[in-house]
Number of protein chains: 2
Amino acid sequence: MLTNERHEYILGLLDQKQTIKIQEIVDDTGASESTIRRDLTELENRQLLVRVFGGAVLPGRNLSEPSISDKSTRNLEEKIKLAKYAASFVQEGDSVFLDAGTTTFQMIPFLKDKDVVVVTNGLTLVDALNEHGITTYLTGGLMKSRTGAMVGSQTIQALMNYRFDLCFLGVNGFHPDYGYTTPDPEEAAVKRLASTYARKTFVLADHTKANQVSFAKIMDLDGADLIVNEIDRHMMEQLEKKTTVKVEKQ
Amino acid sequence: MLTNERHEYILGLLDQKQTIKIQEIVDDTGASESTIRRDLTELENRQLLVRVFGGAVLPGRNLSEPSISDKSTRNLEEKIKLAKYAASFVQEGDSVFLDAGTTTFQMIPFLKDKDVVVVTNGLTLVDALNEHGITTYLTGGLMKSRTGAMVGSQTIQALMNYRFDLCFLGVNGFHPDYGYTTPDPEEAAVKRLASTYARKTFVLADHTKANQVSFAKIMDLDGADLIVNEIDRHMMEQLEKKTTVKVEKQ
DNA sequence: CCAAAATCAATCATAATCATTCATAAGCAG
DNA sequence: CTGCTTATGAATGATTATGATTGATTTTGG
């Protein structure tokens, strides 16, 4: 069976069934597992399907889960600890910028008794902030449906009206040479600007972000203190040359 | 059965039945109890359900959906008809301001194929706009937890950046002499300003709002066309002296 | 209030799936 | 035929999902 034929076959099957298992395709086509895997990776790169553990699903939010690409709920325990630690830097009455993101989201419960004012561009944080009775300002701007973040010129303009005691950012990667990075340039711009209006900025990152580099640079390491929870000695030494590292200990 | 399939299955079942027992899912899917538990914790982390002892229930919607308790569901049928009628005034490619509120919320499904750009100060509308793939700008501002509206100086400032083809507002009362009114002065200010930047403004009001007067005045009747669905002759005559009235007929 | 039953979180070993590597085979141009 | 590229299949060690077990917690029914 030709490569193209297999691809057609896979897509056809997927269209019918919404979900396919790798083993199914192997049985049907007679090709080896390795080959089918290669097919799936290729088709995923062309955005014709989304791979999941054990098979693939049609693209589009239905069956494909945000967490797969995003890993948003992956290290949730870790993120909660990180968030709690981060929240401990917040003083009574502070004005705080909270970035859109899952780690900053976890900070919210720990802020409720601190009488803070929160400014955020993250729509996913809204309900939780509301539930905990925290005074909240939204930046406004264009709504990015994928991330639930608000971005764009209006977000920028809104930020200029505020000054923060503290600014908490999530990132997709931190690296001694390439600094803090994230996939979306517009979101990077918002993060960057928010931090310039803050007396002090913290970046929250779990261990999976170490040495990762994403497309859009937010700023160099020295632009913000880094809050992490586990990190090897060698990495630590390198980072501490560039910035202050706060380690959350179990 | 793939993990994603199970997740979809669980959410689907939950959507149908509002409540599910773990044992049910175990029986239906053939997966072990441990696995189902893991699924539930994961889905709970993503806020797609809430775990309870013995199973799971649908998440209690906060700002994402109009609260079921208050009057919003009372005249829901009426509001949907009203909303559909209102949406019929929207042209392909229009830029539209949607006020925070339950009636404007109902307009969203009818806008999805019109390629519109929506600007709103209503956090309750966000999820629905997102789900229907509508390009959306949020005004930003102070979040009012009770109504899910954004208000204040920043909202005002944001509005000045936009011009609308159409502006749709909800109100708490309309009255021939006292005009359109609503309980909150800040929200009134936002409504008023949004309408001044629109080529045409509509107020949506069901029959319970007739002759009602609330604390904060938005504007006189002639500031906007009034969309209603049932109204007695006498009232109608009085209103038509002041403004254009569009009546949604069954 | 107590005790039995049900449900739970935490842990572990196992099984399934994964990415990576390497060697082979097939196609093709010179 | 030789040398090159590409597709394939098998093998590896790593990662992830799963199912069973444990003892703790919560609910239920007196």
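We name chains A, B, ... by the order of the sequence lines, and we start the count at 1 in each one.
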Next item on the list: Consider only side-chain N and O atoms of A/E78 and A/H207, and report whether a donor and an acceptor are under 3.5 Å apart.
Entry: yes

Item checked: Non-neighbouring partners of B/L129 that pass side-chain contact (heavy atoms from CB on, under 4.5 Å), sequence neighbours left out -> A/M143, B/I108, B/V118, B/T120, B/L125, B/I134, B/T136

Next item on the list: Would you mind reading off the distance between B/D39 atom CG and D/dT18 atom P, rounded to a whole angstrom?
Entry: 7 Å

Next item on the list: Could you tell me the separation between the CG atom of A/L40 and the P atom of D/dT8, rounded to a whole number of Å?
Entry: 13 Å

Note to self: Without decimals, in angstroms, what is the distance between A/R51 CZ and C/dA16 P?
What the structure shows: 18 Å

Item checked: Protein-nucleotide distance (A/E42, atom CD; C/dA19, atom P), rounded to Å -> 15 Å

Next item on the list: Let me know the distance between CE of B/M1 and C1' of C/dA15, rounded to the nearest Å.
Entry: 20 Å

Notebook entry, point to check: Where the side chain of A/K114 meets the backbone of A/V90, is there a donor-acceptor pair that is under 3.5 Å apart?
Noted result: yes

Margin query: Quick check with a 6.0 Å cut-off and a 45 degree axis cone: is A/K200 positioned over the face of A/F202's six-membered ring?
Written below: yes

Next item on the list: Go through the structure and list residues passing side-chain contact (heavy atoms from CB on, under 4.5 Å) with A/P183, not counting sequence neighbours.
Entry: A/N172, A/S214

Next item on the list: Mind checking A/T3 for me? I need base, sugar-phosphate or nothing, with any heavy atom below 4.0 Å counting as a touch.
Entry: sugar-phosphate

Margin query: If you take any heavy atom closer than 4.0 Å to DNA chain C, which residues from residues 20-38 of chain B end up in contact?
Written below: B/I22, B/R37

Notebook entry, point to check: Nearest to the side chain of B/F53 - D/dA7, D/dA17, C/dA6?
Noted result: C/dA6

Checklist line | Non-neighbouring partners of B/D39 that pass side-chain contact (heavy atoms from CB on, under 4.5 Å), sequence neighbours left out | finding: B/T3, B/R6, B/H7, B/I10, B/T35, B/I36

Check: In chain order, what residues pass the side-chain contact (heavy atoms from CB on, under 4.5 Å) check against B/Y137, with sequence neighbours excluded?
Finding: A/L142, B/V117, B/V119, B/T135, B/Y162

Item checked: Check: A/T182 main-chain N/O paired with A/E187 side-chain donor or acceptor under 3.5 Å -> no

Check: Just how large is the angle between the end axes of the helix from C/dC1-D/dG30 to C/dG30-D/dC1, five pairs per end, to 10 degrees?
Finding: 40°

Note to self: If you define the side chain from C-beta out and look only at heavy atoms, does anything of A/F89 sit under 4.5 Å from A/I227?
What the structure shows: yes

Item checked: Euclidean distance, atom CG of residue B/L2 to atom P of D/dT16 [Å, nearest integer] -> 16 Å

